Amino acid sequence: MVVNMKYPSTPQCPRGLFEFKAIIEDVELTCFLEYSPEEKGSTDSYGSPYEPDLEEGMMLNNAYIFGTDVDIAHMILQSLVDHIEVTALEKFKDGDE
């Protein structure tokens, strides 16, 4: 018995997010990430740090199995999420999509 499962196609990337293609464990993913620019922290009147500096980064919002609307972002190991975020940031900074 062959089961043919049909899923709706992957949604369009929402405005303000960065689309990134990744292959994890031979599974092609369409990822949507949010970019956060670097922010300098504030200091008090004596010049001591009051709030820490924040590095620029990407945060994974969605990871759809390519060609489907199946989002597996919540099931990916944190080490793989970190890899996706770092690689996507490098691509974003290079201006590639």
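The structure presented is a predicted model; accordingly, all values stated were derived computationally and were not measured. Atom set for the values below is all heavy atoms of this structure, side chains included, hydrogens, waters and symmetry mates excluded.
- If you take CZ on F20 and CD on E90, they are separated by 8.5 Å, rounding to the nearest 0.5 Å.
- When hydrophobic clusters are built by joining Ile, Leu, Val, Met, Phe, Trp and Tyr residues whose side-chain heavy atoms come closer than 4.5 Å, directly or via intermediates, V70 is grouped together with L33.
- For the salt bridge (charged side-chain N to carboxylate O under 4.0 Å, His left out) test, residues two or more places apart in sequence or in another chain that qualify with E56 are K93.
- With hydrophobic clusters built from ILVMFWY side chains whose heavy atoms lie under 4.5 angstrom apart, V86 does not share a cluster with V81.
- The 12-atom threshold is not exceeded at CD of E55, counting heavy atoms of other residues, nucleotides or ligands nearer than 6.0 Å.
- For F92 and F18, the gap between ring centers is short of 6.0 Å.
- With hydrogens and angles ignored, the 3.5 Å screen pairs no side-chain donor or acceptor of D71 with any backbone N or O of N62.
- Y64 and L29 fall into different hydrophobic clusters, where Ile, Leu, Val, Met, Phe, Trp and Tyr side chains are chained together by heavy-atom contacts under 4.5 Å.
- Residues A63 and A73 share a closest heavy-atom pair of N-CB, 3.6 Å.
- Judged by distance alone, with hydrogens and angles left aside, the side-chain atoms of T10 form a donor-acceptor pair with the main-chain N or O of G67 at under 3.5 Å.
- Note: the hydrophobic cluster containing M58 also contains L60 (ILVMFWY, side chain heavy atoms under 4.5 Å, direct or indirect links).
- Judged purely by atom type and a 3.5 angstrom limit, T87 has no side-chain atom pairing as donor or acceptor with the backbone of I84.
- To the nearest 0.5 angstrom, L77 atom CG is 8.5 Å from E25 atom CD.
- Linking ILVMFWY residues whenever their side-chain heavy atoms come closer than 4.5 Å, directly or via other members, leaves I76 and F66 in distinct clusters.
- With rounding to the nearest 0.5 angstrom, the NZ atom of K21 is 7.0 Å from the CD atom of E28.
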